[in-house]
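Taking it in order: structure first as structure tokens, then the write-up.
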Amino acid sequence: MSTTEILGTIGELHDRLGQARDRAALTGGDNRVVLVPTMGALHAGHLALVRRAHALGGIVVVSIFVNPLQFGAGEDLDRYPRTLAADLAALEAENISFVFAPDAREMYPSGASDTRVTAGAVGSLYEGAARPGHFDGMLTVVAKLLGIVTPDAAVFGQKDGQQAFLVQRMVTDLNVPTAIDVVDTVREPSGLALSSRNRYLDDAQHSAAQALFAGLTAAADAAYAGPAAALSAAQARIDAQSLVKLDYLVIVHPETFLAVPSDYRGPARMLVAARVGTTRLIDNVSISLG
Ligand code: PAF
């Protein structure tokens with residue numbers, strides 16, 4: 001018998017979540033709510049977020065919504081994988097009680113929200129430069145989900161490092177009373193970061209895509225010699241793979257997400273984005289610049 005409830009409307013979600021919270025409070029259970037926002041096409045990386053959510057609170061809500069606002073013209077909104085039946089089976093196996101899976105009309109009753117959250121200057125860099133408007137659309141839907149679910153905490157993946165940074169900054173700047181928890185990237189044994197878009201890759205592309213993490217690892221090893229050495233070590237590994245077309249490689253300060261100067265020493269994050277065939281992949285690791 002199914003224990004996972006699929007809630008398609010905000011009204012249903014409020015009813016069922018309210019009841020679950022009341023029941024937990026009455027029985028001395030944990031009535032904190034933790035949200036895991038997703039666009040579905042779940043893989044082991046998402047399940048790591050779900051497990052972290054279970055560790056953080058009593059009632060876990062997973063949202064599944066492919067948010068049109070964060071896809072630009074010509075991006076993969078139409079072909080973005082939609083695997084609802086498999087997603088629900090995976091969430092049921094993780095003992096998820098509530099899946100919020102609204103349609104676009106429920107989330108954007110007037111077509112699209114006129115009010116948007118702006119991601120500011122950092123939102124126009126790196127992924128934001130390649131995908132104009134992406135982060136405004138992402139923050140807008142995350143703000144809506146936080147407003148709808150009113151979770152005590154929400155869990156995001158470090159694989160989308162710029163997204164995690166911008167979400168954290170949004171809740172700080174807008175005084176949203178939700179703690180943001182960021183979970184380490186889950187990788188294949190080859191090092192390739194798990195991503196819903198990996199399923200677009202054929203065998204040769206899949207094997208070439210491993211150059212991204214190989215490049216980041218080479219950079220981490222060379223980081224004792226400073227930013228220039230780390231960048232060139234990564235670039236050499238990635239450029240050696242002809243199927244991988246590098247978009248950007250940058251070392252950012254973890255607190256500002258701005259590129260570090262050439263004489264910077266200390267903790268940092270290296271970000272990479274590349275195209276493999278028509279598939280855009282991103283990854284990042286933390287590095288320590290000597
Ligand atoms: O990371 C994602 O899957 C999406 O950007 C998110 C956070 C669910 C917002 O649509």
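Counting starts at 1 for both ligands and their atoms, following the listed order. The shown structure was predicted, so the numbers you read here are calculated from the model rather than taken from an experiment. Basis for what follows: all heavy atoms, side chains included, without hydrogens, waters or symmetry-related copies.
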*asked:* Under 4.0 Å from a heavy atom of Thr38: which atoms of ligand 1 are those, numbered in the order shown and with their elements?
replied: 8 (C)

*Can you sort out which atoms of ligand 1 are near Pro37, meaning under 4.0 Å from one of its heavy atoms?*
8 (C)

_side chain to side chain contact (heavy atoms under 4.5 Å, CB included) partners of Ser286, counting only residues at least two apart_ = Arg269

Return all side-chain donor-acceptor pairs below 3.5 angstrom for residues 64-72, not counting sequence neighbours, or 'none' if the list is empty.
from, atom 1, to, atom 2, distance (Å)
Asn67, OD1, Leu69, N, 3.3
Asn67, OD1, Tyr108, OH, 2.6
Asn67, ND2, Gln70, OE1, 2.9
Asn67, ND2, Gly137, O, 3.0

_Under a 4.0 angstrom heavy-atom cut-off, which atoms of ligand 1 come close to Val141?_
9 (C), 10 (O)

*Using a heavy-atom cut-off of under 4.0 Å, does the side chain or the backbone of Leu145 touch ligand 1, or both, or neither?*
neither

*Are the charged groups of Asp30 and Arg32 less than 4.0 angstrom apart, N to O?*
yes

*Charged N to carboxylate O under 4.0 angstrom, Asp283 versus Lys159?*
no

*Which of the numbered atoms in ligand 1 are below 4.0 angstrom from a heavy atom of Met138?*
5 (O)

_Using 30° and 60° as the class boundaries, would you call the ring planes of Tyr248 and Tyr126 parallel, tilted or perpendicular?_
tilted

*asked:* Assess whether a salt bridge exists between Asp247 and Arg280, defined as any Lys/Arg side-chain N lying under 4.0 Å from an Asp/Glu carboxylate O.
replied: yes

*Pick, from Lys144, Gln70, Met39, the option with the minimum heavy-atom distance to atom 9 (C) of ligand 1.*
Gln70

*asked:* Does ligand 1 come near enough to Gln163 that some N or O of the ligand is less than 3.5 Å from an N or O of the residue?
replied: yes

